[in-house]
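This report concerns only the one structure given below.
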Amino acid sequence: MSDDGYDHATVERRWQEAWDDASVYRTPDDVDDPTYVLGMYPYPSGQLHMGHVRNYTITDAYARYRRLRGDDVLHPMGWDAFGLPAENAAKERDSDPADWTFDCIDTMRGQMRSMGFGYDWEREIATCVPEYYKWNQWLFRRFHEEGLVEQRAADVNWCPSCETVLADEQVEGDAELCWRCDTPVEQRELEQWFLKITEYADELVDDIDRLEGWPDSVRQMQRNWIGRQPGARLEFEIDGEPVEAFTTRIDTIFGATFFALAPDHPISQAVAEEDDEVAHFIEHEADPDGDEPNGVETDLTATNPATGEEVPVFVADFVLSDVGTGALMGVPGHDDRDHAFATKMGVDIEPVIAPSEDDVPDVSEAAFTDDGVLVNSGDYSGMESEAAREQLTADIESADDHVQYRLRDWGISRQRYWGTPIPVVNCPDCGPVLVPEEDLPVELPEFVNTTGNPLDEATEWQHTTCPECGNEDAHRETDTMDTFVDSSWYFLRYVAPDLDSAPFDVDRANDWMPVDQYVGGIEHAVMHLLYSRFVTKVIADMDMLEHREPFTNLLAQGMVQLDGEAMSKSKGNTVSPQRIVEEYGADTARLFMMEAAQPERAFDWSDQGVRSTRAFLDRLYELVTEFDPDEATGEDDAVAAYVRDEADAAVAVATEEYETLTFNTALREAQGLAKTLRQYREYGDVAAGPSADGGTSVHPETFQRGLETVVTLLSPVAPHVCEELWSELGKDGFVVDAEWPAVEVDPDEAAKRRRLVENTQEDIRDIMGVAGIEDPEAIDIVVTPEWKFRALEIAVESDASNVIGEIMQVDEIREQGDAAADYGQDLQAEREALVRTLDPDSEFDALERAAWLFEREFDADVRVLPADEADADVLKRAEPGRPAIDIHE
Ligand code: ANZ
Ligand code: ZN
């Protein structure tokens with residue numbers, strides 16, 4: 001707590017209560033201009049960490065900005081409340097996952113409130129209540145009706161310690177350890193429930209092109225994850241039996257010098273029964289994640305269908321069983337992995353593709369992997385790769401076009417308690433039967449503390465009658481759903497969170513969706529976003545939604561780091577948001593984070609930075625509270641005009657930056673304006689001498705408007721203190737309900753003005769330095785005559801091969817004689833770098849209004865002179881955007 005600043009605890013509590021009482025964050029019912037701003041809802045771990053604070057400050061600042069712009073805003077919060085940690089915590093404490101979860105939610109909700117996040121809490125959702133998860137079950141039924149649910153045996157990652165199936169991204173590193181307990185993960189085959197996301201693979205890839213509001217990196221990650229590859233399937237013959245292979249490069253088939261099978265390909269397995277070497281390789285050496293391809297040669301050969309040649313057959317670990325057909329034709333001349341493998345195994349390497357027919361590449365050292373012209377390829381020699389692929393696929397009898405995807409169906413079965421029960425009954429007669437809609441939700445039974453899946457022990461709960469045939473020996477499915485199911489549609493639930501007749505209100509969802517701005521961690525760049533896109537598309541195909549993509553703009557926020565490392569509990573390098581809020585206030589925490597870096601970038605936490613942010617707020621508080629418009633006596637002079645220009649510029653730039661969530665630069669404007677106002681006050685006081693009654697000699701309306709502007713521009717990020725200052729400024733109502741200041745100037749124009757002032761300031765310093773002037777008496781600043789502006793304008797417009805010729809066509813310039821010729825030469829020389837400046841009147845105004853800054857800095861009389869009042873020698877040096885400077889000692 002700072003000594004002489006404001007009392008943040010009181011201020012923040014006061015306004016949080018006032019906002020609550022006035023329900024300022026309630027979502028409007030009638031919406032004309034809907035803007036949906038959403039942060040990825042958190043897992044209720046019990047503590048808000050800095051990553052959350054950053055994430056939710058970003059959405060909160062943007063939601064507040066949109067509200068100030070007059071939009072109807074939906075900005076809700078909820079809880080991704082199912083999941084393993086609650087179950088583990090309950091086991092440790094011998095309590096209940098529900099109790100633990102709701103405790104955590106209460107704590108975190110309180111922490112969020114203390115941060116001042118402006119959520120519509122009436123729309124809060126938690127996925128672990130039957131009122132929510134009923135709709136997961138309902139959607140499961142609907143997906144089933146659409147033919148998008150399937151049960152099949154599948155290999156799963158199994159952690160023997162957690163006794164649970166793990167998703168691929170929960171298996172870490174080459175050693176394949178469980179993300180929670182670091183136990184080596186095993187493979188197990190289980191009957192699993194799948195959602196057939198692969199049926200949407202094409203649309204999911206194609207529509208990525210339309211996601212222009214997403215970061216390119218995330219779009220690329222989605223593309224890679226889906227991994228669409230057009231190619232062909234074709235057959236090689238082994239011992240007279242056809243064996244299918246997938247290739248993207250059938251044009252290279254004349255260079256196929258070996259054939260390779262995955263270790264668990266049925267032929268590999270059969271060979272291993274007879275061949276110890278192969279068996280040994282499969283058992284002990286095969287490592288699909290290794291850096292180098294490994295393999296073992298078999299006694300078999302395969303017949304290349306294009307050439308009729310026999311090539312050796314290998315069992316190799318870089319051939320993956322779940323890719324394509326688990327078999328490939330090896331073309332070492334044109335594929336990097338095949339090249340490495342062939343080199344190691346001593347297999348022939350032949351070039352069959354060349355950049356051009358008379359430029360056949362040497363492929364002995366490295367593969368040539370580009371498309372090109374076919375060589376050494378029989379009748380196909382001379383064809384382009386693309387055409388050859390089509391022709392060969394047509395000509396080779398067993399070959400067919402085939403598109404291959406990396407994406408697999410979405411396995412949603414989890415052998416865990418704390419999730420949505422999969423609404424299925426297993427009947428001895430009928431097999432798996434869906435629970436009828438009227439029997440939903442299937443609620444979780446009471447929790448029992450056991451090592452495995454508590455639902456396996458809930459025998460009474462399991463026991464039920466078959467909904468189809470009435471068989472009384474039926475059993476409920478004990479798998480629960482992956483929690484990614486919960487989060488794949490939660491954004492739809494917020495539009496009507498209490499609806500009990502459907503998962504979401506169709507009309508309202510059509511109004512609010514898609515989410516205009518979604519913000520969250522990059523760790524969700526693949527799964528969560530892909531599943532949400534998939535589910536949205538399916539729901540659209542069920543005619544329940546008019547939108548096929550859920551999130552228009554996506555921001556992946558950067559890490560909060562300490563000493564260059566991401567803050568994390570496991571590393572023990574966290575900073576507690578609660579402590580920062582207690583010590584400095586929520587506004588300081590929020591403002592520090594938003595000004596420290598662009599939201600996408602990582603940044604380092606700094607206590608020093610936090611303190612200087614707080615010091616800024618204290619100074620602003622003082623600036624506002626010490627100002628009394630009735631006591632201010634200043635004139636509406638050039639200085640006041642400068643301050644108004646700066647306020648206009650700040651609004652123009654900050655507005656642009658808020659639009660793109662570039663808060664750090666937006667805030668710099670607000671802070672810069674506050675500084676200008678402070679300087680203005682000091683300058684006025686020095687010029688006029690502070691009046692005895694504490695008044696100042698600033699122009700009251702200008703100063704008042706300046707302060708209001710600073711407060712409004714800061715309010716999305718530091719809402720509490722701004723609310724306090726708003727009322728100090730005598731404003732009615734809340735600043736959170738205020739109107740965003742109108743943009744009066746073009747930001748480019750404002751930037752030019754500022755640059756002109758800065759450059760002039762620097763020029764004065766330089767000249768004083770070079771001339772050794774320490775205590776100047778007077779400084780004359782001379783604006784260039786109009787004809788030079790004209791000449792520059794012409795030079796910028798023209799294609800500038802003959803600048804002098806062009807400008808000399810203008811009478812007014814030609815009349816200048818040698819001076820015009822000289823300047824023309826300068827323009828010609830610099831023509832690549834020429835930019836348009838302000839017009840002469842604006843340049844004069846800008847300098848005249850800024851004169852007080854120069855006076856203040858150099859402690860001299862400053863005169864800004866138009867060209868016709870200036871000394872001819874001085875005038876010569878002046879150029880547009882670069883006034884001449886004459887310093888008198
Ligand atoms: C012959 C060929 C020649 C291939 C060539 C590529 C280049 P990428 O490489 O990512 O584009 N492949 C097929 N089945 C496979 C399996 N089960 N495990 C591992 N690799 C497999 O993926 C497509 C290529 O991967 C396919 O095209 C095949 O090698 C290989 F100059 O066939 B190609
Ligand atoms: Zn039955």
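Counting starts at 1 for both ligands and their atoms, in listed order.
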Carboxylate-amine/guanidinium proximity below 4.0 Å for Asp338 and Arg249: no
Indicate, as side chain, backbone, both or neither, the part of Thr252 found under 4.0 angstrom from ligand 1 when only non-hydrogen atoms are considered. side chain
With the threshold set at 4.0 Å, does a side-chain nitrogen-carboxylate oxygen contact exist between Asp409 and Lys196? no
Have a look at ligand 1 and work out which part of Thr247, if any, has a heavy atom under 4.0 Å from it: side chain, backbone, both or neither. both
Single hit among Asp479, Asp482, Thr480 for side chain to side chain donor-acceptor pair (under 3.5 Å) with Arg414: Asp482
Which of the ligand 1 atoms, numbered from 1, are nearer than 4.0 Å to a heavy atom of Leu320: 16 (C), 17 (N), 18 (N), 19 (C)
Ligand 1 atoms in contact with Val319 (distance to a heavy atom under 4.0 Å): 16 (C), 17 (N), 18 (N), 19 (C)
Going by heavy atoms in the side chains, are Ser532 and Tyr518 under 4.5 Å from each other? no
Could you check whether Glu549 pairs with Arg210 (Lys NZ or Arg NE/NH1/NH2 to Asp/Glu carboxylate O, under 4.0 Å)? no
Looking only at distances, can you tell me whether any N or O atom of Thr248, backbone or side chain, sits closer than 3.5 Å to an N or O atom of ligand 1? yes
So which heavy atom in the protein is nearest atom 21 (C) of ligand 1, and how far is it from that ligand atom? Leu328 CD2, 3.4 Å
Any heavy atom of Ala262 sitting closer than 4.0 Å to ligand 1? no
Would you call Arg223-Asp216 a salt bridge at under 4.0 Å N-O? no
Where ligand 1 meets Met329 - atom numbers and elements under 4.0 angstrom, heavy-atom basis: 1 (C), 32 (O)
Under-4.0 Å protein heavy-atom contact, atom 29 (O) of ligand 1: no
Looking at ligand 1, is there an atom of it that comes within less than 4.0 Å of some heavy atom belonging to Gln404? no
Under a 4.0 Å N-O cut-off, is there an ion pair linking Asp209 with Arg219? no
With atoms numbered from 1 as shown, which atoms in ligand 1 lie under 4.0 angstrom from a non-hydrogen atom of Phe246? 13 (C), 14 (N), 26 (C), 28 (C)
